[in-house]
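These numbers come from the heavy atoms of this one structure, side chains and all, not from hydrogens, waters or symmetry mates.
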Amino acid sequence: MTLSGATFRLGDLVFAEVKRFHIEAYRDTRRQHFRTTEARLAKRTRRGHGRTPERALGQRGEVGINRHLGLLRTLFNWGIEHDYRTDTPFHHNGRPVLKLTKERSRSRVLTPEEETRLLFASGPHLRDCIVAALETGCRVGELLSLTWADVEWDGAMPVWLRLRAERTKTGQAREVPVSESLAAVLASRRLDPNGDALPSTAYVFGTALGTRIAAITTAFRSACVRAGIDGLRFHDLRRTAGSRFLQYGVPLHDVRDQLGHASVAQTDTYLNGTRDSRREAVLRAEQRRLGKAALG
């Protein structure tokens with residue numbers, strides 16, 4: 001980062017001597033680098049080269065800066081607690097002086113028409129992961145870490161997925177019911193190339209032999225390009241699933257438990273109704289009102 005014309009690394013500073021202006025310089029340098037990179041990528045995109053800035057940058061903008069500042073704030077609080085510092089550059093006289101930028105909440109969901117195109121553009125493994133995400137609302141890491149020991153069966157039918165606490169973002173275990181569409185996907189993945197059942201330690205959404213697949217980010221981005229879908233992240237499928245659950249009448253507290261949220265308030269801000277679903281809701285309300293008026 002740059003301060004008063006000099007360039008230095010934040011990690012080279014003595015921990016006890018870091019001041020607010022150091023953190024501000026780090027933040028401003030990151031922000032300027034992001035804007036420069038964003039402009040360069042936008043120029044390449046207009047020329048027909050490369051990915052869109054949103055796809056290429058990921059969380060390198062204000063969201064990424066917030067994550068780094070949050071970690072730094074935690075670090076300085078830890079330093080005070082363990083007597084490495086007497087204060088934090090994030091506060092002065094008991095009030096916050098370094099605040100995180102307010103983030104814009106994402107509202108992107110996958111439309112039914114986009115879903116058809118995306119599934120068509122995806123390979124077999126990615127297609128199964130997409131179906132699983134839309135049917136369960138699970139995070140990608142939860143799906144990729146799932147083993148056959150975590151699948152509960154009722155005879156030949158898979159009925160529950162057990163997400164272990166150490167493999168969820170919140171550290172809380174939860175059980176997710178298996179829909180018929182997902183059951184068909186699980187049944188198709190149960191056997192190895194020789195027709196034998198994969199062992200319980202094999203990964204459900206792993207390779208054909210059940211070894212783990214670490215990430216599907218590149219495959220998902222490529223499928224979106226082939227499908228002509230812009231501005232979509234795999235995590236948006238989780239929001240899509242929650243929105244559909246709510247749209248189809250699943251109670252909010254059940255959607256909360258399905259998604260593994262700590263509170264209904266968190267789930268409520270996470271979900272988005274579609275344009276069609278809002279219109280249908282208004283029409284249903286009108287029908288109920290007119291029906292009651294006729295009975296009266």
Side-chain angles (χ1 to χ4, degrees), residues 1-45 49-106 108 139-145 164-172 212-221 231 233-236 238 260 262 266 270:
M1 57 184 174
T2 303
L3 184 64
S4 300
T7 301
F8 62 95
R9 289 163 50 91
L10 182 63
D12 293 337
L13 300 176
V14 177
F15 181 61
E17 298 177 359
V18 176
K19 303 296 183 182
R20 184 179 76 185
F21 60 83
H22 292 126
I23 305 298
E24 290 174 336
Y26 168 76
R27 177 200 62 197
D28 295 343
T29 301
R30 283 289 308 274
R31 185 174 289 158
Q32 182 58 45
H33 175 71
F34 169 78
R35 289 172 178 169
T36 301
T37 305
E38 185 180 40
R40 176 174 54 82
L41 288 171
K43 186 176 181 179
R44 284 177 55 85
T45 301
H49 304 289
R51 295 171 287 171
T52 63
E54 181 181 24
R55 284 180 182 155
L57 289 169
Q59 287 195 349
R60 299 178 193 173
E62 293 299 332
V63 174
I65 293 172
N66 278 351
R67 298 296 176 270
H68 281 208
L69 291 181
L71 290 172
L72 286 171
R73 183 171 57 188
T74 300
L75 175 63
F76 286 111
N77 289 338
W78 174 88
I80 294 173
E81 183 179 349
H82 291 81
D83 298 324
Y84 288 103
R85 291 183 62 100
T86 58
D87 62 352
T88 169
F90 285 82
H91 287 81
H92 180 69
N93 292 332
R95 62 183 183 85
V97 291
L98 267 175
K99 299 180 180 179
L100 274 61
T101 304
K102 185 176 180 180
E103 299 175 13
R104 294 180 299 174
S105 59
R106 282 183 65 84
R108 182 70 160 93
R139 301 174 178 90
V140 63
E142 295 170 342
L143 293 175
L144 295 180
S145 64
R164 305 179 194 179
E166 64 270 21
R167 295 177 178 175
T168 65
K169 179 181 178 181
T170 59
Q172 298 291 324
R212 182 164 186 173
I213 291 178
I216 57 174
T217 305
T218 301
F220 185 76
R221 286 174 175 169
R233 303 172 186 170
F234 193 91
H235 195 75
D236 295 331
R238 176 170 159 84
Q266 183 182 3
Y270 195 86

*Output the distance between atom CG (L100) and atom CZ (R27), rounded to the nearest 0.5 Å.*
10.0 Å
_Backbone N/O of V18 and side chain of H22: donor-acceptor pair under 3.5 Å_ = no
*How long is the span from the CG atom in L69 to the CZ atom in R67, to the nearest 0.5 Å?*
10.5 Å
*From L143 atom CG to R167 atom CZ, the distance as rounded to the nearest 0.5 Å*: 12.5 Å
_Just verifying a value: how many Å separate T29 OG1 and R31 CZ, rounded to the nearest 0.5 Å?_
10.5 Å
*Does a side-chain heavy-atom distance below 4.5 Å link H91 with P96?*
yes
*Within a strict 4.5 Å, meaning less than it, do heavy atoms of the T217 and F234 side chains meet?*
no
*Can any side-chain N or O of D236 pair as donor or acceptor with the backbone N or O of R233 at less than 3.5 Å?*
yes
*What distance separates Y84 OH from F76 CZ, expressed to the nearest 0.5 Å?*
14.5 Å
_Between R85 and D87, does any NZ, NE, NH1 or NH2 come within less than 4.0 Å of an OD or OE carboxylate oxygen?_
yes
*Measuring from E142:CD to R139:CZ, what's the distance to the nearest 0.5 Å?*
5.0 Å
*Is the closest side-chain donor-acceptor distance between H68 and R30 under 3.5 Å?*
yes
*State, with a plain yes or no, whether a side-chain heavy atom of V97 is found less than 4.5 Å away from one of R20.*
yes
*Does R212 reach the side chain of S145, with side-chain heavy atoms less than 4.5 Å apart?*
yes
*asked:* For a 4.5 angstrom cut-off between non-hydrogen side-chain atoms, does V140 reach L144?
replied: yes
*Let me know which of L13, L10, I65 forms a side chain to side chain contact (heavy atoms under 4.5 Å, CB included) with Y26.*
L10
*Are the side chains of I23 and F90 in touch, meaning some heavy atoms are under 4.5 Å apart?*
yes
